[in-house]
Amino acid sequence: MLKINKNINLITYVLLALCIFNLSKNLIFNNLIFWAALFFISYLFSNLIFKYKSIFIGIFAIAALYIQLVLNQYVMSEEYFLNCLAVLLIIKFSELSNKNNNLSFNLICMIIAVSSLIKDQGIISSLVSLSIIILLVINMYLIQQRELLEFSFKNILKYLGFGLSIFPFIIIFYLIFPRAEVNFRLFDNSVSSLGIPDTISLGSFSQFSNSDEEIFTLINNGYKQDDLYFRVKIFDYMENNQSWRPSSSYFLFSKFKDNFKISDKTDLNNSYQIILEPYKKKWIPSLKNSQLANENIKISKDLFNQTFISRDLIDRKKQIKFHNIKTTFDLDEDIKSYYTLLPKTVSNKLKLWVKENNNSTKEDFINKIYAKFSDGSYFYNLSPKQTSINNYENFFFKDREGYCEYYAGTFVLLSRLGGIPSRIVTGYHGGELNEIGNFYLFKQKDTHAWAEVWLDDKGWVRVDPTRAIPKENIINSLNNVFSTDDFSSKGLFSSRFMKTLSFYFNYADFVWTQHLLSYDDKKRKDFVEKILNLQFSKIFVWIFAPLLIYIIIRSILNINSINLLKLRLFIILLGKRKKLNILKSDTLQQIYYKLSSYDKHKYKIFFKVFEEEVYSDNKLGFIKIFKLVF
């Protein structure tokens, strides 16, 4: 059997590392430890030779796949399939002693690269996938070599050129191949910490807001950060334990379809676009009074709550465009009464406070609640004192510190006690403005809760009681709107420098993603049509640019006196080889004697210099040869 040399092993290590890197983006820590242990065991096996090794590795692989299923929480999903490929790749690393096993290893790498290229449109993932494919071509080429090739700079350039030669065809195939979304999830009982909780209790946001994971990007259209309130879920019903839950759109429609009217729906000729990350939920964040720019049967709008829901999980990056509209709602007394419902377990002390302060108009009472939170005695703190569950009385009168759902929940509770229809709105607020690319990036840490109150002459009005907290009373916050961090330092490794660096990287990823997502089926068909009709497209310049750059660099590095003379000889013999019967094995002298008398006289000095440059120690030098040739 063919023994694989160290050169191939080096590329194999790189391929394994790149494949694992591409699949480990959203892995939990336990899964990373599991893969590391697998690699350690596989590395040990790769240096051992014993009877029935293949059978033992097969049993080991089955056990590893079961453990991976446990780590995926018994969810037979696309993620599990890709993780299984990673497990098999690591285990296959233990038996790369022959050609067939190396080919199997490369095949798994190819499947991972193509899957990652289709699944994740991020710039890093795409570049890594393309690098894997290029290295695979080089590795396949090396596997076929029966002689040990020196791993020199010259050979590295050779391998690189071999890989880049197929690069244009990979890109063209990627542009021609239709995008197919494959979604399957069986026995899905997984729990995600992204998004908004299903119920709101005091402190329920703590496990959801402490994350830097990206959720979506807003392409800026003159928006101010303070005005960016993206809606996700509406909580409008308080249980007996004083936790809040959302009413389903089906329930609201079936019970109040005759109590709810939209009397005006005017397009404001203004739009915005968002790019969703694959956060694996069905909700779609949107601003108030929005509608889809293009009808999509896979996305439905909840008219009661002005939110959008996708039929499928968002497990691919998606770009969605919305129009801003002016909407006028009318609610009758039945539905307004529903938005004032409260359980009998509400504190009597809170009821008494409302009774003492609700002695004027609804708007005056709303302002009194807001003023109460802004009097300097309340604090914003992500780690407030632990009190009994959902003790709004204790928070309002005693502890007086918490974060968004504390203030939004208390505000809605007090408003309802005052007879004002109100509800909690949750979603994402603020985001981070990338000044380089002029877009807002929203992360999980930007989750927020605020209140909406119903006023007959204005409809649903947003009130954010958390904004009432004075800046000096913000103890800690991850949200950029409430954060008091100072990035004024300008050192090389300062927070400001690193933030600017991240802006440039996020901008590059944003541009890359936007171009990929805008490449829809219509553009794909146009591209195919241009190829079939042999029409030129600017995209071909970009496709073949890496190969052209490589050829230019390789040509520059190969410039020397011998190659210049060979080039000149090629020009002299151009179109004459067949006529003069010049063979590839002919020496310089043989070629010279086959020339016509005129050419012998004309090129006598050239052939003499060529022979001296090849066989003599007296070199003329590059400059003199250059002058002679040209």
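Index from 1, following the sequence.
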Closest non-hydrogen atom pair, Gly431 against Tyr440
C-CD2, 4.4 Å

Determine, for Asp198 against Lys233, whether the closest basic-nitrogen to carboxylate-oxygen distance falls under 4.0 angstrom.
yes

Under a 3.5 Å distance rule, please check whether His429 uses its side chain to pair with a backbone N or O of Leu228 as donor and acceptor.
yes

Ignoring hydrogens and angles, tell me if any N or O in the side chain of Asp236 forms a donor-acceptor pair with the backbone of Ser247 under 3.5 Å.
yes

Leu414 to Phe365 - nearest heavy-atom pair and separation
O-CE2, 3.5 Å

Are the aromatic ring centres of Tyr338 and Phe304 under 6.0 angstrom apart?
no

Going by side-chain contact (heavy atoms from CB on, under 4.5 Å), Tyr223 matches just one of Asp226, Asn221, Ile219. Which one?
Asn221

Phe253, CZ atom: more than 12 neighbouring heavy atoms under 6.0 Å
no

Which pair of non-hydrogen atoms, one from Asn22 and one from Ser116, has the smallest distance, and what is that distance?
ND2-CB, 3.3 Å

Can you confirm whether more than 12 heavy atoms, excluding those of Tyr237, are under 6.0 Å from its OH atom?
no

Apply ring pair (Phe, Tyr, Trp, His ring centres under 6.0 Å) to residues Tyr229 and Trp450 and explain how you reach the verdict.
CA-CA 9 Å; Tyr229 285 84; Trp450 59 95; 4.9 Å; yes

Which heavy-atom pair separates Val412 from Trp244 by the least distance, and what is that distance?
CG1-CH2, 3.6 Å

Within 45° of the axis and under 6.0 Å from the centre of the six-membered ring of Trp460, does NZ or CZ of Arg423 qualify?
yes

Donor-acceptor contact present, side-chain Thr340 to main-chain Ser337, <3.5 Å
yes

Would the distance check show the side chain of Ser243 and the main-chain N or O of Glu239 forming a donor-acceptor pair, the cut-off being under 3.5 Å?
no

Quick one: does Gln306's side chain have a donor or acceptor within less than 3.5 Å of a partner on Asn289's backbone?
yes

Short question: side chain of Thr410, backbone of Tyr407 - any donor-acceptor pair under 3.5 Å?
no

Asn72 and Gln68: side chain donor to acceptor below 3.5 Å:
yes

Are Tyr428 and Gln444 close enough that a side-chain donor and a side-chain acceptor fall under 3.5 Å?
yes

Between the main-chain N or O of Phe251 and the side-chain N or O of Ser248, is there a donor-acceptor pair closer than 3.5 Å?
yes

For the pair Lys301 (side chain) and Ser290 (backbone), establish whether a donor and an acceptor sit closer than 3.5 Å, ignoring hydrogens and angles.
yes

When every non-hydrogen atom of Tyr370 is compared with those of Val463, the smallest separation belongs to CD1-CG1, 4.0 Å

Tell me if the CG atom of Asp456 is crowded by more than 12 foreign heavy atoms within 6.0 Å.
yes

Here the pair of heavy atoms bringing Leu32 nearest to Ser24 is CD2-CB, 3.8 Å

Short side-chain to backbone donor-acceptor contact, Arg416 and Ser422, under 3.5 Å
yes

